[in-house]
Amino acid sequence: MYARIVVDVNAKRVDRLFDYEVPEQLKSVVQIGMRVVVPFGPRKRQGYIIELMDEAHEKELKSILHIQDMTPELNKELIALSEWMQTTHIAKRIAVLDIMLPRAVKGKYHKVYRLEEPEEISDELYTLFRKQQVRISSLSADDILKLKPYVESGVITEDIEVNQQQQVKTLKAVELCDINVEQALATLRSDKQKDCLLSLADEGRLTLKELKARDFSAAVVSGLEKKGLIRKIEIEAARDPFAHRTVHPDAKKVLLTEQQAAYNRIRQSIDDEEHRVFLLHGITGSGKTEVYLQTIADVLAQNKTALMLVPEIALTPQMVERFKARFGDEVAVMHSGLSIGERYDEWRKIRSGQARVSVGARSSVFAPFENLGIIIIDEEHEASYKQEDYPRYHARDVAFWRGSYHNCPVVLGSATPSLESYARAEKGVYELLTIQTRANQFPVPTVQVVNMRDELAAGNRSMFSAELTRAINDRIQKGEQIVLFLNRRGHAQFLLCRDCGHVPNCPNCDISLTYHKVTDELKCHYCGHKEYKPLTCPNCESEHIREMGVGTQKVEELIYQHFEGARVIRMDNDTTSRKGAHEQLLTKFKNQEANILLGTQMIAKGLDFPNITLVGVLNADTMLNLPDFRSSERTFQLLTQVAGRAGRADKEGHVIIQTYNPEHYAVQYAKNNDYAGFYKEEMTYRKIGKYPPYYYLVNLVFSHAEMKEVLLESKHIHQTLLQHLSPSSYVLGPAPCTIARINNQYRFQIIIKFKSEPALLEALTYLDDHYYDKFVKNKFSLSIDINPQMLM
DNA sequence: AGCACGCCGACT
DNA sequence: GTCGGCGTGCTC
């Protein structure tokens with residue numbers, strides 16, 4: 001018996017299967033998908049069992065040393081999926097397997113088995129658990145076989161070995177000693193101490209943080225402690241990120257006509273066990289989520305499982321709560337905020353069948369479900385479904401593959417579908433389901449476009465038009481809430497000399513440096529270069545060197561200057577990077593602790609607060625002017641989405657969009673909430689420009705420290721592509737990239753445009769293989785992006 | 001990717 | 001002589 005194994009070495013040269021003998025004692029335990037340790041050349045390496053062969057191998061083989069898992073981490077489906085991704089994404093097999101699995105099962109983490117109920121097992125097995133837990137590498141195959149049933153029944157639990165100090169977080173708290181509260185109160189003279197004691201008597205124990213929040217200072221606490229009435233303790237922080245909230249069960253809602261029609265079609269596909277793709281086009285507030293929830297409920301009733309994808313930023317606690325409320329413990333949640341251990345917990349819940357629904361961001365498309373009944377991708381147009389670094393996969397493509405494997409429907413939902421998806425729906429490749437009525441019956445907000453050129457002409461040089469200023473003041477006065485949107489974080493974009501026009505650039509990259517006020521530094525976001533802000537222009541020594549382009553930080557200052565009574569919560573990458581910060585800020589806003597929410601992209605989704613009556617887009621042009629063929633589409637989507645934040649409750653919503661391009665079609669169609677109109681017009685431009693969905697794209701980027709070298713080599717590759725591809729495809733370039741140099745590497749790109757190109761994968765694979773050695777030797781790098789999200 | 005092997009130069 | 005530079009080639 002031998003095994004075919006992918007070895008965990010991230011190199012093109014060993015990106016293939018290696019055969020190893022399965023030693024006699026492991027024959028009964030090895031399974032496809034298990035991780036094993038094998039001798040590889042002069043050293044030992046981890047590997048994945050891809051196939052098991054019963055017959056003997058023609059050659060003498062090395063043997064597997066030991067196994068790493070008691071149950072396989074990968075199932076047959078994921079193995080087949082990784083093979084498909086390897087060929088279609090020009091990626092190494094091991095790199096694909098790596099992104100599919102949670103980090104806990106990679107490299108430096110060891111699995112351990114802990115004995116939970118010692119009385120349940122025999123003395124012989126008991127001796128294995130020296131320190132209550134045991135690493136799998138120290139177990140013989142025989143032991144593993146004997147222990148396995150106990151793992152399945154829960155007498156022994158599987159976990160990953162972690163540094164205890166790091167993993168178990170403790171909070172400092174206090175609790176009452178065993179005392180008679182009334183007697184104690186009588187001895188106290190300070191009212192603060194009495195109040196504090198009463199609070200503790202009510203709630204049992206409180207953390208120091210909570211006490212501080214209730215205005216009990218450390219002096220009060222230590223006073224009580226000295227009197228021996230309370231004592232300090234340490235409590236373990238919750239591992240379940242949602243453990244502290246009480247979830248109220250959520251009953252299913254009655255569907256309106258259009259929702260019902262959409263539901264019926266999807267339900268049919270579930271019942272037929274037929275892989276179909278649906279595009280659910282429903283305006284904001286049309287109740288798409290309720291359709292998802294009810295189809296998922298049906299899938300569960302048929303004893304199948306459901307996979308739900310949402311963009312990371314939409315994965316808010318409110319969203320998760322809604323799923324938990326409907327499906328309870330059957331829901332696994334996967335997002336970037338989880339620790340390695342938490343993520344592994346969720347993954348195992350799915351693998352063991354304990355959770356039959358998952359809600360998660362991009363990478364959760366690999367959730368190890370058996371028997372999938374439906375896959376849903378909400379906000380399917382979101383760019384975050386495409387992984388922007390290697391291996392560059394799109395969750396939508398993976399979802400289609402899995403849907404076809406499981407014979408189940410894939411539902412793409414959006415208020416503003418991507419042009420690619422809508423075009424496919426029009427062609428009949430996907431089935432289009434439309435919801436045009438708002439389920440909540442809220443009125444559609446009024447949208448007003450303000451021409452900032454007119455403002456400038458009228459002498460208003462500020463960030464706020466007269467109209468927006470009036471509206472903000474009005475809402476502040478009425479005690480209503482405002483959301484302001486700005487697509488740029490930080491303080492200022494760059495420095496500009498008013499006298500000579502000089503802009504300080506990064507010495508290593510062809511990009512202007514960004515100004516950070518906190519440190520008073522200029523930074524490069526691409527290579528990390530930092531320098532102090534110059535006092536005079538480095539070029540002409542003029543003192544008129546100014547900050548240009550305003551970020552959220554700066555706007556926050558401006559708001560306080562301009563508006564009396566403004567209380568701002570700022571949400572951007574800088575204020576939400578801490579775990580849980582996102583949620584905290586939203587809760588604060590919900591509790592009316594502020595009247596203005598100022599933020600970037602991330603506030604465009606999932607906010608659903610009744611008191612928001614005004615939404616302002618400070619500058620709609622920042623994304624409109626990006627040099628990318630999708631910039632109009634992005635602008636339209638974002639404006640539509642931002643506008644949807646207003647007017648959700650009984651109060652009328654108002655949206656003000658400030659722009660220097662008021663006549664731009666993306667702005668106009670967004671204003672009129674006219675998806676069909678936008679689609680039609682944008683499609684004509686895509687057709688003329690030979691862009692998706694009329695053509696497919698591949699973006700090849702080359703880089704090297706010498707410009708000559710890149711140019712020469714990329715010309716060579718251009719020739720190779722012309723030879724391999726059919727004459728109907730276009731091979732454009734090589735041309736310098738938008739950012740022509742990053743970290744002192746010159747960058748050139750070649751763009752392939754094609755409608756149908758049978759030789760594409762073959763040609764790209766050839767490039768990847770054939771040029772590989774040359775690239776390694778010459779320090780050349782080549783990146784291949786199939787169906788890129790951006791061409792920059 | 002690593003790691004060994006091997007073939008040349010400059011040292012105690 | 002032999003220590004160590006890194007070009008070349010292999011990993012079941």
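Letters go in sequence order (proteins before strands), and every chain restarts at 1.
- A centroid separation of less than 6.0 Å is found between the aromatic rings of A/F40 and A/F18.
- Across the protein-nucleic acid pair, A/Q46 atom CD and C/dT11 atom C1' stand 17 Å apart, rounded to whole Å.
- For the atom pair A/L78 CG and A/Y48 OH, the distance stands at 11.0 Å (nearest 0.5 Å).
- In this structure, A/F40 reaches the bases: a heavy-atom distance under 4.0 Å links it to at least one base atom across the strands shown.
- Residue-level contact check: A/R13 touches the bases, meaning some heavy atom is under 4.0 Å from a base atom.
- Between the P atom of C/dT11 and the CZ atom of A/R43 lies a distance of 12 Å, rounded to the nearest Å.
- For the pair A/L61 CG and C/dT11 P, the interatomic distance rounds to 13 Å; values are reported in whole Å.
- A/K62 has a side-chain polar atom (N or O) that falls below the 4.0 Å cut-off from OP1 or OP2 of C/dC12.
- The distance from atom CZ of A/R16 to atom P of C/dC10 is 11 Å, rounded to the nearest whole Å.
- If you take CG of A/L17 and P of C/dC12, they are 14 Å apart, rounded to a whole angstrom.
- For A/K530, the NZ atom counts as loosely surrounded, since its 6.0 Å shell holds 12 or fewer non-hydrogen atoms of other residues, nucleotides or ligands.
- Remark: C1' of B/dA1 and CG of A/D8 are 10 Å apart, rounded to the nearest angstrom.
- Per the geometry, CZ belonging to A/R45 stands 11 Å off C1' belonging to B/dC3, to the nearest Å.
- A/R747 contributes no side-chain N or O that, together with a main-chain N or O of A/V701, makes up a donor-acceptor pair within less than 3.5 Å.
- Rounded to whole Å, the distance from CG on A/D19 to P on C/dT11 is 13 Å.
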